[in-house]
Trainee: 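Right, I'll just put the structure down here and ask away after.
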There are 2 protein chains.
Amino acid sequence: MQVLAKSRKEVLQEFRTGGILQAARAVFARNGYTAATIDEIAEAAGVAKGTVYLYFDSKRELFLATLREGVLELHAEVQRDIDSAASAAAKIRAFIHGRLHYCDRNRDFFRIYYTEFASLQVHASDESPAFQDLYDQQAALLESILRRGIRQGEIRSCNVPRTARLIYDLTRAAIARHVRDGKSNHIKESTSELCDFIWRGIQC
Amino acid sequence: MQVLAKSRKEVLQEFRTGGILQAARAVFARNGYTAATIDEIAEAAGVAKGTVYLYFDSKRELFLATLREGVLELHAEVQRDIDSAASAAAKIRAFIHGRLHYCDRNRDFFRIYYTEFASLQVHASDESPAFQDLYDQQAALLESILRRGIRQGEIRSCNVPRTARLIYDLTRAAIARHVRDGKSNHIKESTSELCDFIWRGIQC
DNA sequence: TCGAGGATTGACCCGTCAGTCAGTATTTTG
DNA sequence: CAAAATACTGACTGACGGGTCAATCCTCGA
């Protein structure tokens, strides 16, 4: 019964962890990190406060776990979309559309992601490096798309890291508006408009 | 002596208010709203905690006053720059350059502005409307520049409000990188690169 | 110089909440 | 079924910090 017992324990572990993470995501998204309380998260998850601390060491760690979970899932999904696109233009479109699509389905996650990203930009902190790496990795992804596009004559020569950042920033801002305005339709249109802007600029 | 007495009081009022605002700006920028304490701000301003409450009703109000002061000054400066530019391209450049220039000189302000903007985007709050108006007013400024450019054949037809937002977002993101990376030079270059991106896109 | 009125101070009050842990419930094992 | 192990609970603690206010300090006119 050793194997089964262990499996049962694992299942329970996963069940609780998942439930708490889901509750935390909602509460953090609604109130922001500071205003959210462990009591509220515990209640939302249907467990006692103490139980939360059986699965996560601290409020901060719970928050970071919530963030990390979403970021990893987002990145994996977007990566898939990009890989199945051919041209640089299509890959950039996949980058934008994949993100919009994921965040539209996971608005709570995006709220956390967005504010945390902003404060990370501005306040150096201890756990910054870990997330900075995740972000940089995404920027690097865009950079390689751009470089390939330039090499193949699809994209004009430009400062690649800087341009990658601009596209990344534009995408984030576009998602913010989407999430804020609450329209879950029009994702395709938003993507097209944004791609058009990035591609052609505003010049006549 | 009525007039003089009043004037003296006013001078003192202004002196204290200014000192506290300045200290608050630095402390809020360094620690963020929640982690900042009134004790720390009071110490930085060289007054006792109670004195802070003689000039501002609450922590939140002090924060908002700090933010408002900067936003108004920024907007006034940028407005001047835009007014003295002729073409749409020059006005957009003035919009970007003016902001970069101001925030580069007032980095503490920008840190506050940036994080607050992000959380405003995501969490509806009581005092949102007042600041939302300020932001919208800036977006409207950009919109009228765009419309004029389109009318005069300088800019191609596009979704004006959306495009204005994109330019606004790009500018903010560019400043964030500047402030984060700490280079106070290269403002002109950054402006040019950004204008180029907005104008021509990345297409070959 | 005196004292009235205003400005300033900082010790204190009090609500909040992250984190703890002794006790209870549930499951497993022998 | 008893007892050991494991999971869970929620009342409690201690730190923290926003906000207060009685006491003190200054300034200035008489």
Side-chain angles (χ1 to χ4, degrees), chain A residues 1-28 30-67 112 125-127, chain B residues 1-28 30-67 112 125-127:
Chain A
M1 272 274 166
Q2 200 59 17
V3 176
L4 245 179
K6 197 189 168 196
S7 151
R8 187 192 185 280
K9 184 180 173 180
E10 276 177 358
V11 167
L12 178 63
Q13 199 93 352
E14 219 161 289
F15 175 71
R16 288 279 189 231
T17 305
I20 293 168
L21 276 176
Q22 194 181 329
R25 181 188 280 208
V27 174
F28 281 133
R30 189 169 56 242
N31 304 335
Y33 176 73
T34 317
T37 67
I38 297 289
D39 281 296
E40 200 179 348
I41 292 168
E43 195 191 339
V47 297
K49 190 185 204 177
T51 305
V52 173
Y53 283 93
L54 290 176
Y55 294 90
F56 298 92
D57 286 345
S58 67
K59 183 185 182 185
R60 188 70 194 164
E61 190 164 306
L62 172 56
F63 177 75
L64 293 176
T66 306
L67 185 56
I112 296 169
S125 98
D126 303 338
E127 65 260 344
Chain B
M1 275 274 167
Q2 201 57 18
V3 176
L4 244 180
K6 196 190 170 195
S7 151
R8 185 192 186 277
K9 184 180 174 179
E10 275 177 359
V11 167
L12 178 63
Q13 200 92 353
E14 218 161 293
F15 176 71
R16 289 279 189 233
T17 305
I20 292 168
L21 275 176
Q22 195 181 330
R25 181 188 282 209
V27 174
F28 282 133
R30 189 168 57 242
N31 304 335
Y33 177 72
T34 318
T37 67
I38 297 290
D39 280 295
E40 199 178 348
I41 292 169
E43 195 190 337
V47 297
K49 191 188 206 177
T51 305
V52 173
Y53 283 94
L54 290 176
Y55 295 89
F56 298 93
D57 286 345
S58 67
K59 184 186 182 185
R60 188 70 195 164
E61 190 163 308
L62 172 55
F63 177 75
L64 293 175
T66 306
L67 185 56
I112 296 169
S125 99
D126 304 338
E127 65 259 343

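Throughout, a chain's letter reflects where its sequence line sits, starting with A, and its residues are numbered from 1.
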Trainee: Name the closest nucleotide to the A/Ala48 side chain, picking from D/dT20, D/dT9, C/dA7.
Mentor: D/dT9
Trainee: Drop me the distance from B/Thr34's OG1 to B/Phe63's CZ, to the nearest 0.5 angstrom.
Mentor: 9.0 Å
Trainee: Tell me the interatomic distance from B/Phe28, atom CZ, to D/dG18, atom C1', rounded to whole angstroms.
Mentor: 12 Å
Trainee: Mind calculating the distance between CD (B/Glu10) and C1' (C/dG6) to the nearest angstrom?
Mentor: 16 Å
Trainee: In whole angstrom, give the distance that lies between atom NZ of B/Lys59 and atom P of C/dG15.
Mentor: 19 Å
Trainee: Is there a side-chain contact between B/Phe28 and B/Leu67 in this structure, where contact means two heavy atoms from C-beta onward sitting under 4.5 Å apart?
Mentor: no
Trainee: What's the CG-P distance between B/Leu62 and D/dG19, to the nearest Å?
Mentor: 10 Å
Trainee: Taking the nucleotide of DNA chain C with the nearest heavy atom to each, does B/Val47 or A/Ala36 sit closer to the 5' end?
Mentor: B/Val47
Trainee: Between P on D/dT20 and CZ on B/Phe56, what's the gap in Å once rounded to a whole number?
Mentor: 16 Å
Trainee: Tell me: CG of A/Leu12 to C1' of D/dA5, nearest whole Å?
Mentor: 14 Å
Trainee: Would a 4.5 Å heavy-atom cut-off, applied to side chains only, mark A/Thr17 and A/Phe56 as touching?
Mentor: yes
Trainee: Write down the distance between CZ (B/Arg16) and P (C/dG6), rounded to a whole number of angstrom.
Mentor: 17 Å
Trainee: Does D/dT9 have its OP1 or OP2 closer than 4.0 Å to a side-chain nitrogen or oxygen of A/Thr51?
Mentor: yes
Trainee: As a test of reading the structure: which of C/dT20, D/dC8, C/dC17 is closest to the side chain of A/Thr37, going by heavy atoms?
Mentor: C/dC17
Trainee: Can you find a pair of side-chain heavy atoms, one from A/Arg60 and one from A/Leu64, that are under 4.5 Å apart?
Mentor: yes
Trainee: Between B/Tyr55 and C/dT8, is there a contact of a side-chain N or O with OP1 or OP2 at under 4.0 Å?
Mentor: yes
Trainee: Mind checking if B/Ala42 touches a base, just sugar-phosphate, or nothing, with heavy atoms under 4.0 Å?
Mentor: nothing
Trainee: Given D/dG19, D/dG18, D/dT9, which nucleotide is nearest the side-chain atoms of B/Ser58?
Mentor: D/dG19
Trainee: Between A/Lys49 and D/dG10, is there a side-chain N or O to OP1/OP2 distance below 4.0 Å?
Mentor: no
Trainee: Using OP1 and OP2 only, check whether a side-chain N or O of B/Arg60 sits under 4.0 Å from D/dG18.
Mentor: no
Trainee: Between D/dG19, D/dC8, C/dG10, which nucleotide has the shortest distance from any of its atoms to the side chain of A/Leu54?
Mentor: D/dC8
Trainee: With side-chain contact (heavy atoms from CB on, under 4.5 Å) as the criterion, how do B/Leu54 and B/Arg16 come out once you've worked through the C-alpha distance, each side chain's angles and the decisive distance to 0.1 Å?
Mentor: CA-CA 10 Å; B/Leu54 290 176; B/Arg16 289 279 189 233; over 6 Å; no
Trainee: Over how many whole Å does the gap from B/Gln13 atom CD to C/dG6 atom P extend?
Mentor: 13 Å
